[in-house]
Amino acid sequence: MHRKPCTDVVVVVPGIMGSALAVSGTPVWELSGAALLRGLRTFGGSLKGLQLPVDLGDGHPGDGVRPIGLMRDLHVLPGLWRPIDGYSGLLRWLEQSFTLTRYHPAHPEQPANLVPFAYDWRLSNRYNACRLHETVEPVLYRWRAAHPSHANAELVFLCHSMGGLLTRYYLEVLGGAEITRRLLTMGTPYRGSVQALLNLVNGVRKGIGPLKLDLTALARSLPALHQLLPGYDCVESGHCVESGADLGHHRELTLEGPEPALLADAAEFHAEIARAVAGRGGPSRYRIRAVHGLRQPTPTTVRVEGDRLEPRLSIRGQDEGGDGTVPRLSGRPPEMDEDDDALRGHSEQHGALQTNAAVRDVIWEWLTAEQRPPHRGPVAADQVGVVHPDLLLPGEPFEVEVTAESDTLLVRTTVSALNSGRQVTRPLRNLGAGRYRVRLDRLDPGVYRVRTQAATGALPVTSSLLVWEEAP
């Protein structure tokens with residue numbers, strides 16, 4: 001296969017939970033793919049040991065935890081974030097498609113121009129932005145010196161989810177823009193995610209039988225998770241806002257969950273980036289492109305119900321969708337207009353944006369200035385939104401619900417077991433008014449990838465499912 005030339009240094013920055021963590025070489029977070037379900041039970045104690053001091057700030061706790069690489073395959077911590085696909089496929093495709101040589105931390109002296117940036121996702125995004133600076137700049141300077149054709153090389157960032165936030169901090173606040181050519185973000189919550197608020201206030205899902213892994217205390221200790229909280233008014237009136245206002249900010253809530261000190265610090269983190277952007281007095285030196293999800297039912301606001309928050313899919317009467325985790329309104333940089341050509345939307349779930357074929361087209365264009373034959377569905381009506389639980393107990397039925405603009409589609413879902421390789425494909429029943437549904441009565445314990453698509457040939461929407469094992 002002919003590889004396209006690339007003389008810049010490409011940096012892949014994963015999202016939260018997207019880096020494997022270890023202590024003295026022993027993994028404390030490296031569970032992915034078929035090993036995920038089996039390992040969560042045995043890793044429970046060590047995962048709880050990842051909890052941080054609330055007053056840590058932008059430092060490291062000195063607990064010996066270090067990042068050791070990007071997560072290869074599907075990974076999730078129930079109650080902390082939604083399932084996310086791994087990054088091995090993206091890295092492999094980049095190496096096969098472009099003249100990129102992978103950087104290995106064990107051999108930093110060797111010139112390389114593909115950097116998988118692993119980081120401790122528990123910690124403040126400021127801390128990890130400083131680590132990004134310490135990692136990528138020596139790689140860039142070594143690459144420039146390796147050959148005359150590399151002399152004008154700069155940085156190009158491909159960032160998924162929270163990775164885009166720490167990268168923006170590096171570019172705008174720490175001066176990384178001066179040596180950066182391009183930034184592409186995929187599902188980055190520039191204005192935060194209601195999912196983070198739900199996780200911090202509600203904690204781990206209650207009433208899930210044999211699942212004894214309660215990570216609520218861990219979640220509430222993480223600066224990074226607080227820095228994913230919504231920056232826009234997202235709480236329905238009657239709970240925390242003055243009379244006459246329809247929405248209020250989550251910081252006005254009196255519910256337990258988010259740590260007040262971490263809340264204030266998270267707000268300042270985003271304010272620092274906003275001040276830096278405003279202080280530029282014009283466009284950024286680097287070019288920026290943002291990819292966000294479309295049509296997936298996405299929590300965008302919340303309603304207070306007792307001591308819990310209930311997600312709502314609409315804001316001021318409008319259901320704008322998103323990628324199932326990051327609302328559409330949050331998926332673009334604040335300085336970018338909704339109709340900006342640099343904003344690309346695709347019908348995909350948050351955890352699979354980095355594996356989506358249409359997103360790979362965007363990356364190809366971004367690195368080559370050439371357009372590939374697009375891997376997009378033929379018409380907008382073929383784009384579907386997918387909703388299903390991401391965690392089930394044995395014996396619970398599995399239902400997939402789909403929404404679409406058309407009520408004449410043939411929609412099918414394929415459920416594939418990562419541990420056995422077995423798969424089942426089922427058509428969805430047409431309920432009318434653009435609604436479709438299918439029910440599978442029983443799935444064996446395991447980890448599953450779910451691919452749902454209109455039979456007209458549109459790209460599938462990829463999502464994930466864990467079916468828990470009975471307690472031994």
Side-chain angles (χ1 to χ4, degrees), residues 16-17 29 40 44-45 47-59 61 63 76-82 121-126 162 165 189 191-209 211-243 245-271 298-313 315 325-327 330 389-391:
I16 192 169
M17 300 187 306
W29 172 241
L40 276 176
L47 287 172
K48 289 182 179 180
L50 296 176
Q51 185 170 334
L52 300 173
V54 174
D55 59 353
L56 179 63
D58 295 324
D63 55 4
V76 63
L77 285 179
L80 183 61
W81 202 244
R82 300 289 299 280
W121 41 265
R122 305 174 301 158
L123 307 179
S124 163
N125 281 310
R126 291 191 197 87
M162 188 176 76
L165 295 181
R191 300 179 67 189
S193 170
V194 163
Q195 189 67 50
L197 182 62
L198 293 169
N199 293 341
L200 287 171
V201 172
N202 296 347
V204 176
R205 174 180 168 186
K206 299 180 185 300
I208 52 178
L211 178 55
K212 304 299 184 183
L213 190 63
D214 186 347
L215 300 177
T216 302
L218 167 63
R220 291 176 176 174
S221 77
L222 304 183
L225 192 59
H226 286 74
Q227 289 165 352
L228 293 174
L229 287 169
Y232 61 95
D233 291 348
C234 66
V235 183
E236 289 190 356
S237 61
H239 301 285
C240 66
V241 296
E242 297 178 0
S243 177
D246 60 342
L247 292 173
H249 200 280
H250 66 80
R251 285 195 297 272
E252 300 174 58
L253 287 171
T254 57
L255 298 177
E256 293 185 5
E259 290 288 341
L262 294 180
L263 279 179
D265 181 73
E268 177 57 22
F269 168 78
H270 289 278
T298 306
T300 304
T301 57
V302 295
R303 171 181 291 174
V304 179
E305 299 286 351
D307 61 351
R308 293 178 58 81
L309 298 179
E310 295 299 326
R312 310 285 288 177
L313 300 181
I315 182 168
T325 300
V326 176
S330 184
D390 52 32
L391 176 65

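When a residue number appears, it is its place in the shown sequence, counting from 1.
Note: D246 CG to D233 CG = 8.5 Å, rounded to the nearest 0.5 Å. Note that CD of E305 and CG of N202 are 11.0 Å apart. Values are rounded to the nearest 0.5 Å.
Contact record, S193 with T325: OG-O, 2.8 Å, taken as the closest heavy-atom pair. Nearest heavy-atom pair across A267 and R251 is CB-NH1, 3.6 Å. In this structure, P327 and T300 approach most closely via the heavy-atom pair CB-OG1, 3.9 Å. Pairing each heavy atom of W121 with each of M17, the nearest pair is CG-N, 3.3 Å. Nearest heavy atoms, P299 versus L313: N-CD2, 3.8 Å. Closest non-hydrogen pair, L198 versus P311, comes out as CD1-CB, 3.8 Å.
Side-chain contact between P230 and S330 is absent, with no heavy atoms from C-beta onward closer than 4.5 Å. Side-chain atoms of L229 and H250, non-hydrogen and from C-beta on, do get closer than 4.5 Å to each other. Looking only at side-chain heavy atoms (C-beta outward), L165 and H270 come within less than 4.5 Å of each other. At a threshold of 4.5 Å between non-hydrogen side-chain atoms, the residues L56 and L123 count as touching.
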Could you list the donor-acceptor pairs under 3.5 angstrom formed by side chains in residues 218-227, with sequence neighbours left out?
from, atom 1, to, atom 2, distance (Å)
R220, NE, L200, O, 2.7
R220, NH2, L200, O, 3.0
R220, NH2, V201, O, 2.9
S221, OG, L52, N, 3.0
S221, OG, L218, O, 2.8
H226, ND1, L222, O, 2.9
H226, NE2, E259, N, 3.0
Q227, OE1, N125, N, 2.9
Q227, OE1, N125, ND2, 2.9
Q227, NE2, S124, OG, 3.4

**Prompt:** So L228 and Q195, side chain to side chain contact (heavy atoms under 4.5 Å, CB included) or not? Walk me through it.
**Reply:** CA-CA 9 Å; L228 293 174; Q195 189 67 50; over 6 Å; no

**Asked** side chain to side chain contact (heavy atoms under 4.5 Å, CB included) between D58 and F269: does it pass, once the steps are laid out?
**Response** CA-CA 11 Å; D58 295 324; F269 168 78; over 6 Å; no

**Request:** Take L309 and V304 through the test side chain to side chain contact (heavy atoms under 4.5 Å, CB included) and record every step on the way to the result.
**Result:** CA-CA 5 Å; L309 298 179; V304 179; 3.7 Å; yes

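Checked against side-chain hydrogen bond (donor to acceptor under 3.5 Å, both in side chains), E268 has the following partners two or more places apart in sequence or in another chain: R275. Partners of D265 under the side-chain hydrogen bond (donor to acceptor under 3.5 Å, both in side chains) rule, at least two apart in sequence or in another chain, are R126.
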